[in-house]
Amino acid sequence: MGKKPQNRDNDAISRICRVLAEVPPGRVITYGDLAEMAGFPRAARLAGQLLRRLPEESSLPWHRVVNASGRISLPEPGAGQQRERLEREGVVFIGGRLDLGQYRWQP
DNA sequence: GAAGTGACTCCTC
DNA sequence: CGAGGAGCCACTT
């Protein structure tokens, strides 16, 4: 049975979505960690591209994804909306950035 | 199949 | 601490 390593296109999305769905409220995850956890180390951009295509009806906590600097990527007006959602979950932004050491979700 | 793109990350100045 | 550049990976066209 010769078979391909894996169907990346659709599989990657499924895995990343699953990981993202596991992120609890009040916590955040970086693009790099999200991709790595999904099985794509160093593919931080992949997570970003995926979220960009993700519809709002996705029910996924896309707002819990921030960059490695503890800052919100995603240009306005998305940034304001994401920050608002995170603040509602108890995340505090200091100087426009949050404390990854405190909110970064790690299994 | 090749080239372009991006909600990134790390290193250096 | 902030800005800039190079590197990386997978998806899209």
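Hydrogens, waters and symmetry mates are skipped; everything else that's a heavy atom, side chains included, is used.
- For A:Glu76, the CD atom sits in a packed shell: over 12 heavy atoms of surrounding residues, nucleotides or ligands are nearer than 6.0 Å.
- Without hydrogens or angle criteria, A:Tyr103 side chain to A:Val92 main chain gives a donor-acceptor distance under 3.5 Å.
- The distance from atom CE of A:Met37 to atom P of B:dT9 is 13 Å, rounded to the nearest whole Å.
- For the pair A:Arg53 and C:dT12, the criterion of a side-chain N or O lying under 4.0 Å from OP1 or OP2 is met.
- Taking the nucleotide of DNA chain C with the nearest heavy atom to each of A:Arg97 and A:Gln49, the more 5' of the two is matched to A:Arg97.
- A straight line from CZ of A:Arg42 to P of C:dC11 spans 17 Å, rounded to a whole angstrom.
- C:dC9 atom P lies 13 Å from atom CZ of A:Phe40, rounded to whole Å.
- Taking 4.0 angstrom as the limit, A:Arg52 places a side-chain polar atom (N or O) nearer than this to OP1 or OP2 of B:dA7.
- Here the P atom of nucleotide C:dT12 and the CG atom of A:Leu46 are 9 Å apart, to the nearest Å.
- One atom, CD of A:Gln81, and another, C1' of B:dA7, lie 14 Å apart when rounded to the nearest Å.
- Comparing C:dA10, B:dC10, B:dA7 by their nearest atom to the side chain of A:Ala68 picks out B:dC10.
- In this structure, A:Leu50 atom CG and B:dT5 atom C1' are separated by 15 Å, rounded to whole Å.
- Not a single donor-acceptor pair under 3.5 Å links the side chain of A:Glu36 to the backbone N or O of A:Pro41.
- The only member of A:Thr30, A:Asp33, A:Ile29 that meets side-chain contact (heavy atoms from CB on, under 4.5 Å) when paired with A:Val65 is A:Ile29.
- Between the CG atom of A:Leu51 and the C1' atom of B:dA7 there is a distance of 7 Å, rounded to whole Å.
- Atom P of nucleotide B:dT9 and atom CD1 of A:Ile29 are separated by 11 Å, given to the nearest angstrom.
- The residue A:Thr30 sits close only to the backbone: its heavy atoms come under 4.0 Å of sugar-phosphate atoms, none of a base.
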